[in-house]
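To start, the structure itself, in structure tokens.
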Amino acid sequence: MVEKVVIIRYGEIHLKGNNRGYFEKVFMNNLEKSLTGIRHEIHKPSGRYVVENYDETRTDEIVQRLCKVFGTHSVSIAYKVPADIDRIFDIVSQIAPKEGTFKIVANRADKSFAYNSMQVNAQIGGRLLAKNPALKVDVHHPEHEIFIDIRENGTALVFNAFFEGAGGMPVGTSGKGLLLLSGGIDSPVAGHMIAKRGMQLDALHFHSYPYTNMQAREKVETLAKILSGYIGEMKLYVVSVTHIQEAIHKNCPEEMMITLLRRFMMRIATHISNQYGAQCIVTGESLGQVASQTIEGMTSSNEVVDSLPVLRPLVGFDKTEIIERARKIGTFETSIQPYEDCCTVFLPKHPLIKPKLEKVHEAEARLDVDALLQEALDSLEIVTIN
């Protein structure tokens, strides 16, 4: 009997030594979650996972979902057949090209199989040449490769393509963070990058109704939905900062709007992180990209974060690199939709580039920080994204 299956290979998990079992368990759970709503079974032969007993009309969808699961090195669509040289050749002859150059690559995990790997290569390759005279063997630079994986359970897997996986580590193995998610290009990329290192994420979005509209919020929810395709279910915390911006605009120097607003954002993020179990704050800041992202601006923002690390995955990236990553992960087209976020409200003509902390403290003293902070927290909405 021939069955179509999907092979999943992992990468860095191999390096985890005695802790590998923990990482494999989390990875398996994430694979299962990624296929929610699709009938399937996942089994784990040595060093890989195999998806079986699924609706073959959804094969492409299954591959697309699995390739987004962090920890996945590569994915292949394969045919599972009895480990018999004739049965193996039947499948190889169906998927092999009719002309051009080729190479057979066999792996014999079952050492009791009648032929070793080199003999399988020779047997199958020889038969293929006899059947298709327009084919030629090229073991160095073939146009086509066919892979045969002979397993210990009496079956063989035959395939001819690899789909690139997301790489990295399984989400959930490196703690939990809170991503400051605007509607721009940078923050979704930052979230994707830190999740690739195994971090589970929730997201925090600030809005300025009525100065910003519902389309801006819908845009952010769409970005969160795209990220959830890689991360899994996440919470989106939505907080109003309209009153904070109005208070800063009324009482403080215009050029300090962004600096003071960022400090409030970090205070709010710290509170939500502590309340909902995040262990760090993640931002999309890139050093020197805009006025608030100077080292002085970051120092000012960091000052109000009491006990949590602030991670900035993009700190050394330029805009071109960030855009390339945004395109690759599928967030770019949404990010460039022309709906303004809260940072465009009361935007000063000449924002402060290198704020001095004593001047920041002096300006902030004109505000009732605690009251403004509490009003923002009272506006909190929580949206589940999956």
Heavy-atom donor-acceptor pair, [X] side chain to [Y] backbone, under 3.5 Å:
X	Y	result
Thr331	Leu223	no
Thr173	Phe23	no
Asn132	Leu135	no
Glu285	Arg312	no
Arg366	Asn251	yes
His243	Leu372	yes
Thr294	Gly297	yes
Ser76	Ala161	yes

Can you check whether [X] reaches [Y] side chain to side chain, under 4.5 Å on heavy atoms?
X	Y	answer
Leu178	Cys280	no
Val158	Ile88	yes
Val69	Thr72	yes
Phe147	Ile104	no
Met256	Ile248	no
Leu380	Val238	no
Val304	Thr270	no

Within a 6.0 Å radius of atom [atom1] on [X], are there more than 12 heavy atoms belonging to other residues, nucleotides or ligands?
X	atom1	value
Lys25	NZ	no
Gln275	CD	yes
Lys44	NZ	yes
His144	NE2	yes
Glu164	CD	no
Lys98	NZ	yes
Tyr79	OH	no

Tell me, with the steps shown, if Lys103 and Asp138 meet salt bridge (Lys or Arg N to Asp or Glu O under 4.0 Å).
CA-CA 6 Å; Lys103 176 183 179 181; Asp138 183 346; over 6 Å; no
- Show the numbers, then the answer: is there a side chain to side chain contact (heavy atoms under 4.5 Å, CB included) between Lys219 and Thr334? CA-CA 7 Å; Lys219 172 182 173 181; Thr334 300; 4.0 Å; yes
Point to revise | Intermediate values then yes/no, ring-ring contact (aromatic ring centres under 6.0 Å, His included), Phe70 and Phe27 | key: CA-CA 8 Å; Phe70 288 118; Phe27 184 51; over 10 Å; no
(message) Angle between ring planes, Tyr230 versus His192, binned at 30° and 60°: parallel, tilted or perpendicular?
(response)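 Taking His192 first and then Tyr230, their aromatic rings stand perpendicular (interplane angle over 60°).
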May I ask you to decide whether [X] forms a salt bridge with [Y], counting only side-chain N to carboxylate O separations under 4.0 Å?
X	Y	value
Arg325	Glu321	no
Arg58	Asp60	no
Asp202	Lys176	yes

Does a donor on one side chain and an acceptor on the other come within less than 3.5 Å for [X] and [Y]?
X	Y	value
Asp90	Gln94	no
Lys68	Ser34	no
Ser208	Gln245	yes
His249	Glu254	no
His205	Glu381	no
Ser93	Arg127	no
Tyr10	Glu24	yes

Going through the checks in order, is the salt bridge (Lys or Arg N to Asp or Glu O under 4.0 Å) test met by Glu303 and Arg267?
-> CA-CA 10 Å; Glu303 187 189 35; Arg267 289 185 177 101; over 6 Å; no
Using 0.5 Å steps for rounding, measure from the CD atom of Gln123 to the OH atom of Tyr115.
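Interatomic distance, Gln123 CD to Tyr115 OH, rounded to 0.5 Å: 4.5 Å.
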How many angstroms lie between atom OH of Tyr49 and atom CD1 of Ile42, to the nearest 0.5 angstrom?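 Interatomic distance, Tyr49 OH to Ile42 CD1, rounded to 0.5 Å: 9.0 Å.
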For this session: Apply the test side chain to side chain contact (heavy atoms under 4.5 Å, CB included) to residues Thr384 and Glu233: give CA-CA distance (whole Å), side-chain angles for both, the deciding distance (0.1 Å), then the verdict.
Result: CA-CA 7 Å; Thr384 299; Glu233 182 177 290; 3.6 Å; yes
If hydrophobic clusters are built by linking Ile, Leu, Val, Met, Phe, Trp and Tyr wherever their side-chain heavy atoms come under 4.5 Å apart, do [X] and [Y] end up in the same one?
X	Y	result
Val5	Ile91	no
Ile148	Val50	no
Val239	Leu377	yes
Val241	Ile281	yes
Phe206	Val305	yes

Step-by-step side-chain hydrogen bond (donor to acceptor under 3.5 Å, both in side chains) determination, Gln374 to Asp370: CA-CA 6 Å; Gln374 188 58 55; Asp370 290 340; over 6 Å; no
- salt bridge (Lys or Arg N to Asp or Glu O under 4.0 Å) assessment of Glu324 paired with Lys328: CA-CA 6 Å; Glu324 287 175 358; Lys328 184 175 181 179; over 6 Å; no
- Start with the C-alpha gap between Met266 and Arg263, add the side-chain angles, then the distance that decides, and say whether side chain to side chain contact (heavy atoms under 4.5 Å, CB included) holds. CA-CA 5 Å; Met266 296 303 264; Arg263 285 167 66 89; 5.9 Å; no
Intermediate values then yes/no, salt bridge (Lys or Arg N to Asp or Glu O under 4.0 Å), Asp110 and Arg108: CA-CA 5 Å; Asp110 181 2; Arg108 186 185 66 155; over 6 Å; no
Checking Leu35 against Arg65 for the side chain to side chain contact (heavy atoms under 4.5 Å, CB included) test, could you report, in this order, the C-alpha distance in whole Å, the side-chain angles of both residues, the deciding distance, and whether it holds?
CA-CA 7 Å; Leu35 298 182; Arg65 292 194 193 188; 4.2 Å; yes
